[in-house]
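Notes follow the structure.
Values below: all heavy atoms of this structure, side chains included; hydrogens, waters and symmetry mates excluded. Predicted model only: the values in this text are computed from it and were never measured.
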Amino acid sequence: MNEARPQRPPGSAPPASGGGASSVPSDGAGEPEPGSYRDRNGAVFYRDGRVFRFLSNRALENWRQLQQASFFKRLSREGHIVETREADPEGKGIGLDRWAGLLEHARIPYVSYPYEWTFGMLKDAALLHLKLMREALADGMILKDSSAYNVQWEGVHPVFIDVPSFEPLRQGEPWVGYRQFCELFLYPLMLAAYKGIDYRPWLRGQIDGIPSGQMRAVMSKRDLLRPGVLLHVMAQDALQKRYTGGGNVRGALAEAGFDKALIERNVEKLTALVTRLEPAGTKTTWADYDRTHSYEEAELEKKKAFVRKAAARRRWRLAWDLGANTGTFSRIAAEHADYVVAMDGDWMAIEHLYQRGKASSDGRRILPLVVNLADASPNQGWRGVERKGLAERGRPDLTLCLALVHHIVISANIPLADFIGWLAGLGTAVVIEFVGREDEMVQTLLANREDQYDDYTLQTFRALLAAHFEIRAEAPLKGGKRHIFFAEAKKGE
């Protein structure tokens, strides 16, 4: 999906910490996943819209044991672990080269990252990881990695994707993924619950998570009394400092005589701790949260009807809802799309959408993400391709931009032409709403700032849209204070 090469189908989810040597043999096997390099016992690649993984001898041996484990069969059947099967490389025309085996995974519709998740999503991903640990331990296996990137989503349902992270539990070995669990799951949740700090900038700034030293630095003396801080922050930091610059932490823990029961107790305590954590200041039910939309009921229904008619023009593979709020129009788009990614910079609105989706019978079709379009997730990590920007993960066929443009131009100070040009570059059809200057929402935005937005007029907007798109439909809303358009990208854009 990098613009410099053919676009990958959405859902080719990269196992982020487990599963990869840095490259795929150059025999035409497929397109390598650049984020699959941290574990030298496998390599993920894509071919003909499908997701494959090479395995080393060791990884193949572990896989053969894993696929016989009762917990793996059950959790795969329940959808907690990505559907995986052993593939015949010769039947696919794939040379194994130095590899011993080949797996094929089901595709994830759209890849997301922990710094785009709400508190509830990160918490549920953490609880899934602990559940997998608990179930694996009961069958004599363990997860060697604890990366939050190893969890992806089918709508609001978390799915574990890094199958080679499971390996046999060796007697006396500690849970080596414990530190990583703290850095990528527990510490971010504690920041939000105990300090009211948004963990997303921390995780985006350090894709390997929050080190124990940094976590300890933000904890006050009073925080030492909070559940888990002494054991999982202070003790963890002391251990890391002890072995800084030398020493074998893993070996030292193994020599301390770790056994399965000790690991199981740690997992149970972490499960209880994570279950109790809630974001600071948000104890009330999510169902009571919503944002004022400024529409009278009749006008809102008119807007819904326009969006529904536009979305019904054909079946869309992937739709984006930018500025989704709590998902009213995401759900309309989902009636006519295989998958919808709903994005908003307001994490509480997205949390509401997430919790509502969990209670829905059809929660696998809409993925809620916390995204500020003016500062969206960039390409980053090793060589700038380990973690990908929004478009590189899958370009939409349909994009909703409702009650959004005035925030982009006035609040974020992005030129209108730039925003329309960016949309056109996606190659997407759009349902887009222009909120005029006489609308009370725009008046509020302009009240305390100098009006330097000469480009913000309906005439300019329509001209820019027509320059890049074929306008198929237009309707006034709120007595002409707003206008809504359906437009399709011109060929060659």
* Asked: Out of curiosity, L369 CG to D321 CG, how far, rounded to the nearest 0.5 Å?
  ->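 The CG atom of L369 sits 11.5 Å away from the CG atom of D321.
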* About how many Å separate CZ of R276 and OG1 of T271, when rounded to the nearest 0.5 Å? ->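 Here the interatomic distance stands at 11.0 Å.
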Pairing of [X] and [Y] as salt bridge, 4.0 angstrom limit:
X    : Y    : value
R50  : D48  : no
E33  : K388 : yes
K478 : E299 : no

More than 12 foreign heavy atoms under 6.0 Å from [atom1] of [X]: is that the case here?
X    : atom1 : answer
R314 : CZ    : yes
K73  : NZ    : yes
W422 : CH2   : yes
E301 : CD    : yes

* **Aromatic ring pairing F181/H129, orientation class (parallel under 30°, perpendicular over 60°, tilted between)** =>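 If you compare the ring of F181 with that of H129, the planes turn out tilted.
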Donor-acceptor pair, [X] side chain versus [Y] backbone, under 3.5 Å?
X    : Y    : answer
D344 : N325 : yes
R200 : W117 : yes
D397 : R317 : yes
Y354 : F119 : no

* Would you please name every residue forming a salt bridge (charged side-chain N to carboxylate O under 4.0 Å, His left out) with D375, sequence neighbours left out? =>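 With sequence neighbours excluded, D375 shows a salt bridge (charged side-chain N to carboxylate O under 4.0 Å, His left out) to R204, given in chain and number order.
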* **With sequence neighbours excluded, residues passing salt bridge (charged side-chain N to carboxylate O under 4.0 Å, His left out) with K358** =>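 Salt bridge (charged side-chain N to carboxylate O under 4.0 Å, His left out) list for K358, sorted by chain: D124.
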Under the side-chain contact (heavy atoms from CB on, under 4.5 Å) rule, collect the residues that match up with [X], sequence neighbours excluded.
X    : value
S377 : Y115, E116, R393
R364 : E154, H157
R472 : R313, E470, F486, E488

With heavy-atom distances below 4.5 Å as the criterion, would you say the side chains of [X] and [Y] are in contact?
X    : Y    : result
L367 : P109 : no
R356 : V156 : no
T328 : L402 : no
P188 : L203 : yes
Y187 : W202 : no

* By ring-ring contact (aromatic ring centres under 6.0 Å, His included), which residues pair with W63, not counting sequence neighbours? ->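 If we apply the ring-ring contact (aromatic ring centres under 6.0 Å, His included) test to W63, skipping adjacent residues, the hits are F72.
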* List the atom of V370, the atom of G345, and the distance in Å for their closest heavy-atom pair. =>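 Closest pair (atom of V370, atom of G345, distance): CG1-O, 4.1 Å.
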* To do: Identify the two heavy atoms, one from F469 and one from T428, that lie closest to each other, and give their separation to 0.1 Å.
  =>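 Smallest heavy-atom distance, with atoms named: CE2-O, 3.1 Å.
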